[in-house]
Amino acid sequence: MNVTSLRSQVLWLAIFASLCLGSMAQAFDTVILDAGHGDHDRGASIGYVYEKHLALDTARRVEQLLKKEGLKVIMTRGRDVFIPLQDRSAAGNRYGNAIFVSVHYNYSRGGSGSGVETFYHFTKGYTLAAYIQAYLVQRTKMTNRGVKNASFHVIRKTERNPAVLVECGFVSNPTERARMLTGEFRARIAEGIAQGIVAYKRAK
Ligand SMILES: [Zn+2]
């Protein structure tokens, strides 16, 4: 093989690789954001601190951050309304080239549970969960409860796209509850989720 043909082979290999990477980076352009609970379904609650409010505020912050990155964002709810679970997963399956991210806050009896965790159901959701969990922990310095497999309806029934459910801390934990009542903390949570999504997109 002469040098010229080797060079042209290397060139074609480079072009092929960049085409592959380029097309893989286009693997999704839409993020379906699902703020957990709503209306009469408060989710976890202690006193007047309701998960439904925290989740909606956090999801809205993530929405703004992702839009700045040029991503299309679909919210399953943008206000305090009740959305049945099957409507949420239907939204998760409605779009191609999309990912589905459900935002929740956690609860444990006795109030000792702490930290953040991210759930996936199908294998194709695992990497997205790992990215979000890693950035969430890095951004908030909260206890890392890890990436876990689970069968929550919204991630089990969203079959078309990678789907994850993020638990952003425990409403039942007095220390975490005090933090999550501050906008600064919810902004950090939102940054962690958004940065995880953007890093996942770049890694594809
Ligand atoms: Zn919840």
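Quantities reported herein were computed from a predicted structural model and do not represent experimental measurements. Start at 1 with the first residue, then count along the sequence. Values below: all heavy atoms of this structure, side chains included; hydrogens, waters and symmetry mates excluded. Indexing begins at 1, ligand by ligand and atom by atom, following the structure's order.
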Salt bridge Arg88-Asp34, side-chain N to carboxylate O under 4.0 Å: yes
Stepwise ring-ring contact (aromatic ring centres under 6.0 Å, His included) test for Phe170 and Tyr107: CA-CA 5 Å; Phe170 282 77; Tyr107 185 90; 8.4 Å; no
Test ring-ring contact (aromatic ring centres under 6.0 Å, His included) applied to Phe152 and His121, step by step: CA-CA 8 Å; Phe152 300 125; His121 180 71; 9.7 Å; no
Flag if over 12 foreign heavy atoms under 6.0 Å of OH, Tyr135: no
Neighbouring protein N, O or S atoms of the Zn ion (ligand 1), below 2.8 Å: 3
Residues Glu176 and Asn106: side-chain donor-acceptor under 3.5 angstrom: no
NZ/NE/NH1/NH2 to OD/OE distance under 4.0 Å, Asp80 and Lys52: yes
